[in-house]
Amino acid sequence: MGKFDVERLLQELGVNENADNAPARPDPEQVIADRGDSIDALVPIQNGAITRTRNISQAMLGSHGATGASGVMDESRLTLMHDPGEDHFDPDASLKKALLEGQVCSPREISNAETVIKQTPGANLVETLRNQGLDDVSLLKTVAHVNSLEFVRIDADADMPFDDELVSRLGIDYCKAHLVAPLGRENGRVVIAMARPDDVFTLDDARLRLQASLIKVVVAPTEDLRNALESITSGDATEDLESILGDVDEDDVQVERSIDEEVDLEREAGESPVIRYVNYIIQNAVKEGASDIHIEPGDKAMKVRFRIDGILFEMMNPPVKMAPAIISRLKIMANLDISERRVPQDGRIRCVVQNRKLDLRMSTLPCAGGEKVVMRILDTKSINVSLDDLGFDEDTLTIWKKQVEEPHGIVLVTGPTGSGKTTTLYASLRQMDKNTLNVSTVEDPIEYHLDGITQTQTHEKIGMTFARALKSLLRQDPDIIMVGEIRDQETAHTAVQAALTGHLVLSTLHTNDAPSAITRLVNIGLEPFLIGAAVNAVLAQRLVRRICPNCRTQSTPTEEMLEFLELQGLPANALFEGAGCDKCRNTGYQGRVGIYEMLVVTDHLRDMIARNPNVTEFRRLCRERGMVTLREDGLKKVSDGLTTIEEVLRVTEAGV
């Protein structure tokens with residue numbers, strides 16, 4: 001870097017002992033521009049956005065600082081040193097704007113990245129977006145454009161994309177470790193390609209290693225640099241292997257078996273920073289209203305994601321070196337074997353967060369980057385809701401309440417995992433008179449503990465299956481039995497026998513809609529006439545995200561959407577959406593509401609079931625008899641302003 005003429009610079013800036021004869025202070029931007037060739041090598045870059053240096057050190061100003069000959073502070077000169085208006089300046093603002101305008105990423109991805117940056121020390125916008133899977137080429141093109149840098153692509157198949165002499169000065173290992181590659185010289189400056197133009201420390205280090213006073217930075221994609229540098233390495237490997245290995249004996253290198261790390265991991269997991277970080281993850285998940293925590297280690301990065309309102313959001317990126325200690329800490333909390341990392345393990349963590357008792361159902365799974373951990377947050381506050389708050393319309397709610405008050409029969413709730421089936425069943429059990437009724441459940445696992453109800457846990461390994469537990473419950477004089485899931489013929493047959501002998505059985509099935517539940521029972525192995533006699537009703541359900549009430553606004557539909565609305569008989573002015581705000585993480589949604597499809601088995605339908613119809617024919621017959629489908633119920637909630645058409649289409653099929 002060229003040396004400054006300090007006296008001349010001070011003179012041009014207007015700092016002179018003789019204030020009367022001081023020349024007029026020039027435009028500081030012009031002064032910097034005039035010395036662009038000198039300071040081009042050390043342009044400060046923060047988080048992907050290049051900023052001009054505005055503060056002048058006390059050493060540069062000399063003993064007088066910003067005062068004149070009289071010793072009085074010159075406020076006009078002080079403005080050059082410090083601009084209070086920039087105290088809260090966001091250095092990434094221009095980059096974010098360019099990314100959004102270029103449609104490189106969405107506002108939601110920007111919001112997720114900001115969340116990660118706030119909760120991950122040292123994180124920056126470019127690296128966080130790259131870790132979230134954003135296209136590296138488009139991202140770096142935007143970074144280069146915003147910072148007025150040149151963007152280049154490097155062809156690994158070219159004869160020599162880099163300057164051989166400069167590469168040898170830096171060293172190939174150094175270039176690969178820092179993803180830096182000297183391309184050559186241009187107008188007396190060394191041209192360096194970087195994937196991270198904000199890394200001023202690497203830039204300055206490379207300048208010193210190359211003994212270059214002036215450097216020009218260009219931006220190149222990460223994969224281009226990595227592939228090109230690997231091609232240099234592979235080219236060097238074409239030397240004669242015999243000459244390399246000629247003096248090497250088999251016993252020259254002895255493999256030393258690495259000692260087990262259980263003791264070290266246990267010690268690290270018990271250290272205060274790890275404990276605090278794990279507690280912070282759990283507390284933050286509860287604060288954000290997450291239902292699941294995903295901890296996913298990788299070779300170069302570790303992700304912590306929360307499932308909020310059914311959608312996964314990346315929340316933080318702990319240092320990858322902390323991954324074994326974090327996972328070991330969680331395994332210790334769940335009483336799992338920290339020395340076993342080859343097979344999946346399941347456990348449970350009981351804790352108190354913000355004066356609320358929580359159960360975390362934890363599962364580990366070995367993967368390429370280590371052990372992935374997923375924890376389901378079982379919060380009694382989230383499950384403690386009444387039937388009136390689940391999103392039933394008045395007619396469906398009245399029918400459902402009547403069905404769960406029947407003295408006998410089978411009532412089924414269907415839907416995929418995470419559709420709220422357990423919440424509906426628990427809300428139904430809570431409204432029952434537990435003082436006069438004997439209510440028992442068989443679950444795998446018991447997710448929430450309910451007062452006044454006998455809850456039984458299944459254990460497949462010791463033979464305590466749903467069928468065996470159900471048979472035992474029938475000898476306990478039950479009135480109402482809830483079976484977690486009907487999975488096999490034996491369980492289904494026992495449930496039917498219980499229903500036909502005077503018990504009300506509540507259970508779940510994994511089917512896409514209500515009519516398919518009847519077909520599923522036939523496929524399991526039950527006789528159609530038994531199904532028709534035992535089943536009273538089937539409720540299919542899904543969960544859709546609610547429009548955020550804080551940023552709810554009327555939306556303008558597209559031509560395609562207008563055509564769809566016309567086909568569905570919905571008015572165009574009935575559409576609402578969330579504009580996005582801080583309270584909903586700029587998604588436009590906050591919370592969830594259920595959509596339902598209620599099938600009541602009438603005498604006519606019982607006769608049809610006994611004839612074993614196919615599912616298409618049976619669904620058509622149910623709709624003719626007045627059944628409201630999931631999509632129809634969802635569109636009704638769209639017209640009520642509770643959710644959006646996109647959400648309804650996301651969770652329902654065309655004929656469902």
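Worth saying up front: this structure is predicted, and the values here are computed from it rather than measured. We use all heavy atoms of the structure for the numbers below, so side chains are in, but hydrogens, waters and symmetry mates are not.
A distance of 12.5 Å separates CD of Gln283 from CD of Glu288, quoted to the nearest 0.5 Å.
For the residue pair Ile327 and Pro297, the shortest heavy atom distance occurs at CD1-CG, 4.1 Å. The shortest heavy-atom contact between Ala206 and Tyr174 is N-OH, 3.7 Å. Residues Gly588 and Cys551 share a closest heavy-atom pair of CA-SG, 4.3 Å. The two residues Leu225 and Met194 come nearest to each other via the heavy atoms CD1-C, 3.8 Å. Between Glu109 and Leu134, the shortest heavy-atom contact is OE1-CD1, 3.7 Å. Contact record, Asp299 with Ala368: OD1-O, 4.4 Å, taken as the closest heavy-atom pair.
Within the cation-pi definition used here (under 6.0 Å to the ring centroid, within 45° of the axis), Arg305 does not qualify as a partner of Phe313.
For the pair Lys331 and Glu340, the salt-bridge criterion is not met [side-chain N within less than 4.0 Å of a carboxylate O]. Between Lys216 and Glu150 a salt bridge is recorded (basic side-chain N to carboxylate O distance below 4.0 Å). Using a cut-off of 4.0 Å between Lys/Arg side-chain N and Asp/Glu carboxylate O, Asp204 and Arg207 are scored as salt-bridged.
Counting only distance, with no hydrogens or angles, the side chain of Thr587 and the backbone of Tyr589 share a donor-acceptor pair below 3.5 Å. Ser111 places a side-chain N or O within 3.5 Å of a backbone atom of Arg585 that can act as its donor or acceptor partner. With hydrogens and angles disregarded, no donor-acceptor distance shorter than 3.5 Å links the side chain of Asp205 to the backbone of Phe201. No side-chain donor-acceptor contact under 3.5 Å links Thr120 to the backbone of Ile117. For Asn131 (side chain) and Glu127 (main-chain N/O), a donor-acceptor pair under 3.5 Å exists by modelled atom type.
A side-chain contact (heavy atoms from CB on, under 4.5 Å) with Ile377 holds for exactly one of Ile293, Asp292, Ile282, Ile349; it is Ile293. For the side-chain contact (heavy atoms from CB on, under 4.5 Å) with Leu575, the qualifying choice from Leu565, Leu562, Thr644 is Leu565, the only one to do so.
Sorted by first and then second residue, the side chain to side chain donor-acceptor pair (under 3.5 Å) pairs with a member in residues 308-320 read Glu314-Asn317; sequence neighbours excluded.
Annotation for Gln554: atom CD counts as buried by contact number, over 12 foreign heavy atoms lying within 6.0 Å. No more than 12 heavy atoms of other residues, nucleotides or ligands shown are found within 6.0 angstrom of CD on Glu563. Residue His145 places its NE2 atom among 12 or fewer non-hydrogen atoms of other residues, nucleotides or ligands, all under 6.0 Å distant.
Residues passing the side chain to side chain contact (heavy atoms under 4.5 Å, CB included) test with Glu114, sequence neighbours excluded: Lys96, Ile110.
For the residue pair Gln345 and Asp337, no side-chain donor N or O sits within less than 3.5 Å of a side-chain acceptor on the partner.
Side-chain contact between Val191 and Arg185 is absent, with no heavy-atom pair separated by less than 4.5 Å. Considering only heavy atoms from C-beta on, Ile295 comes within 4.5 Å of Leu330 through its side chain. For the pair Gln590/Asn550, a side-chain contact is recorded, criterion being any heavy-atom separation below 4.5 Å from C-beta on. A 4.5 Å side-chain heavy-atom check between Met333 and Arg348 finds every atom pair outside the cut-off.
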field: Worked verdict on Arg341 versus Glu371 for salt bridge (Lys or Arg N to Asp or Glu O under 4.0 Å)
entry: CA-CA 7 Å; Arg341 298 186 289 274; Glu371 282 184 287; 5.2 Å; no
